[in-house]
Amino acid sequence: MKIVTTCERWAALWRSKNLLDGERKHIINKDDFLPALFRTRREAREFIDQEYGYIRTRRDLREEPHGWKIPIPVRVKIVATPDGSRLAK
């Protein structure tokens with residue numbers, strides 16, 4: 001019997017779309033390798049506004065060659081197992 005712990009949090013999803021790289025998406029990291037996770041959607045939105053709000057005013061970053069979009073808050077499900085194995089879907 002495996003003991004599985006799950007929880008839901010909010011994260012910030014980075015998005016960009018340009019001709020060179022195509023469409024790219026990833027969860028934003030707060031530290032070097034740990035994702036920025038928040039208990040509420042409001043906290044995630046505040047983080048996005050504080051750290052990435054400047055993209056709204058930078059037309060040069062939203063157009064080619066960058067194609068940046070303002071990150072959006074997304075709900076993520078975190079699944080932890082004692083041995084660190086992945087669960088089959």
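- No donor-acceptor pair under 3.5 Å is formed between the side chain of E8 and the backbone N or O of R75.
- Here the closest non-hydrogen pair linking N29 and D31 is CB-O, 3.3 Å.
- Partners of L13 under the side chain to side chain contact (heavy atoms under 4.5 Å, CB included) rule, at least two apart in sequence or in another chain, are R15, K25, I27, I72, V74.
- With sequence neighbours left out, D60 forms a salt bridge (charged side-chain N to carboxylate O under 4.0 Å, His left out) with R58.
- Residues A11 and A44 approach most closely at O-CB, 4.5 Å, considering heavy atoms.
- Under the ring-ring contact (aromatic ring centres under 6.0 Å, His included) criterion, W68 pairs with W14, H66, sequence neighbours left out.
- In R62, the CZ atom is crowded: over 12 heavy atoms of neighbouring residues, nucleotides or ligands sit closer than 6.0 Å.
- Under the rule for a salt bridge (charged side-chain N to carboxylate O under 4.0 Å, His left out), E46 has no partner lying at least two apart in sequence or in another chain.
- Between atom CG of residue L19 and atom CD of residue E64 there is a gap of 4.0 Å, rounded to the nearest 0.5 Å.
- Under the side chain to side chain donor-acceptor pair (under 3.5 Å) criterion, N18 pairs with no residue at all, not counting sequence neighbours.
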For a quick test of your reading: what N or O donor-acceptor pairs under 3.5 Å do the side chains of residues 47-57 make, sequence neighbours left out?
{"residue": "D49", "atom": "OD1", "partner": "R56", "partner atom": "NH1", "Å": "3.4"}
{"residue": "D49", "atom": "OD1", "partner": "R56", "partner atom": "NH2", "Å": "3.1"}
{"residue": "T57", "atom": "OG1", "partner": "Y54", "partner atom": "O", "Å": "3.0"}

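- Between D21 and S16 the shortest side-chain heavy-atom distance does not fall below 4.5 Å.
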Test side chain to side chain contact (heavy atoms under 4.5 Å, CB included) on R9 and R39 and set out the steps.
CA-CA 5 Å; R9 295 288 186 260; R39 288 190 177 271; 3.2 Å; yes
